[in-house]
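As the structure is a prediction and not an experimental result, all values here were calculated from the model.
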Amino acid sequence: ENSRIVLKDGAGVGLEKVASQFKSDMKEITGMELEVVSGEGGDEDDILIESLPEDTYDTGKEGYLLKADDGGIHISSNGYTGCLYGTKTLEQVYYTQDGTYSFPKGVTRDFSQYEVRGVMIDIARVSYRLDALKDIVKTFSFYKINNLNIINYYRLTANDFLSNPI
């Protein structure tokens, strides 16, 4: 209820975009409207997202350290993607809860074993509405899929989309 998203962008990776997406997703998942602020820290109800100038926790650009304790929830990464994936982990936990939202105390150091985690969609043989493709991309983001190949054997122009929407 009193939670805020607190940004500390020490590496200058553009955490505002991560926060905006996280805020939107949390509204959809929990119904909570979280305020986004920049600052040095937060309190026990806050979610601090911090980009670090160095890979302090040896997680790479896509990895992160997530710490939940009496001081709140703290996501740290040296990369934009790591900060984004840290928020996705929170979303995954909150998505499984019903009405009462909490996060267990502990420390998680998470990074991917595989550089590419992808899916291919063949839109040449099966029609997809643009809204459906956007939903698919959002779902892949939730599961930290980082590569989407859309296969189309026909050359399309902007006019094709305007006259024949997907």
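In terms of the side-chain contact (heavy atoms from CB on, under 4.5 Å) criterion, residue partners of N146 (sequence neighbours excluded) are, by chain and number, E62, Y85, V116, R117. Remark: K27 pairs with E33 by the salt bridge (Lys or Arg N to Asp or Glu O under 4.0 Å) rule, at least two apart or across chains. In this structure D135 satisfies the side-chain contact (heavy atoms from CB on, under 4.5 Å) test with no other residue, sequence neighbours excluded. Residues forming a side-chain hydrogen bond (donor to acceptor under 3.5 Å, both in side chains) with K134 (at least two apart in sequence, or on another chain): none. Every residue two or more places apart in sequence or in another chain that forms a ring pair (Phe, Tyr, Trp, His ring centres under 6.0 Å) with F142 is listed here: Y95. Judged as a side-chain contact (heavy atoms from CB on, under 4.5 Å), and not counting sequence neighbours, the contacts of I150 are I123, L148. Residues that satisfy the side-chain hydrogen bond (donor to acceptor under 3.5 Å, both in side chains) test with N147, not counting sequence neighbours, are N149. Residues meeting the side-chain contact (heavy atoms from CB on, under 4.5 Å) test with E28, sequence neighbours left out: K138.
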Step-by-step side-chain contact (heavy atoms from CB on, under 4.5 Å) determination, K61 to T81: CA-CA 6 Å; K61 293 284 185 192; T81 306; 5.7 Å; no
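Formation of a donor-acceptor pair under 3.5 Å by the D46 side chain with backbone atoms of G72 is not found in this model. No donor-acceptor pair closer than 3.5 Å links the side chain of N78 to the backbone N or O of E54. With hydrogens and angles ignored, the 3.5 Å screen pairs no side-chain donor or acceptor of S24 with any backbone N or O of Q21. Listed for the T108 side chain is no donor-acceptor partner under 3.5 Å among the backbone atoms of D110. For S141 (side chain) and V137 (main-chain N/O), no donor-acceptor pair under 3.5 Å exists by modelled atom type. Formation of a donor-acceptor pair under 3.5 Å by the R109 side chain with backbone atoms of G63 is not found in this model. Side chain of D55 to main chain of T59: a donor-acceptor pair is present (N/O by atom type, distance under 3.5 Å, no hydrogens or angles).
Closest approach of S3 and L34 over heavy atoms only: O-CD2, 3.4 Å. Shown here for S77 and C83, the closest heavy-atom pair between the two residues is CB-N, 3.6 Å.
Under the ring-ring contact (aromatic ring centres under 6.0 Å, His included) criterion, no residue pair touches residues 63-82, with sequence neighbours excluded. Within the structure, salt bridge (charged side-chain N to carboxylate O under 4.0 Å, His left out) pairs that include any residue of residues 71-82 do not occur (at least two apart or interchain).
Cluster membership check: V18 shares its hydrophobic cluster with Y94, using side-chain heavy-atom separations under 4.5 Å among Ile, Leu, Val, Met, Phe, Trp and Tyr. Cluster membership check: L65 does not share its hydrophobic cluster with L84, using side-chain heavy-atom separations under 4.5 Å among Ile, Leu, Val, Met, Phe, Trp and Tyr.
The structure places CG of L15 at 4.0 Å from CG of D9, a figure rounded to the nearest 0.5 Å. Atoms OG1 and CD1, from T139 and I145 in turn, are 10.5 Å apart once rounded to the nearest 0.5 Å. To the nearest 0.5 Å, atom CG of residue L7 and atom CD1 of residue I75 are 10.5 Å apart. In this structure, T87 OG1 and I49 CD1 are separated by 6.0 Å, a value rounded to the nearest 0.5 Å.
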I'd like a table of donor-acceptor pairs (distance under 3.5 Å, sequence neighbours excluded) in which one partner is a side-chain atom from residues 97-107, with atom names and distances.
unit_1	atom_1	unit_2	atom_2	d
Q97	OE1	S102	N	2.9
Q97	NE2	S102	O	2.6
K105	NZ	D70	OD1	2.4

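Listed by chain and number, the hydrophobic cluster partners of F111 come to none, as no ILVMFWY side chain reaches under 4.5 Å of it.
For NZ of K88, the number of neighbouring non-hydrogen atoms (other residues, nucleotides, ligands) closer than 6.0 Å is greater than 12.
In this model, no donor atom of one side chain and acceptor atom of the other lie less than 3.5 Å apart for K8 and S76.
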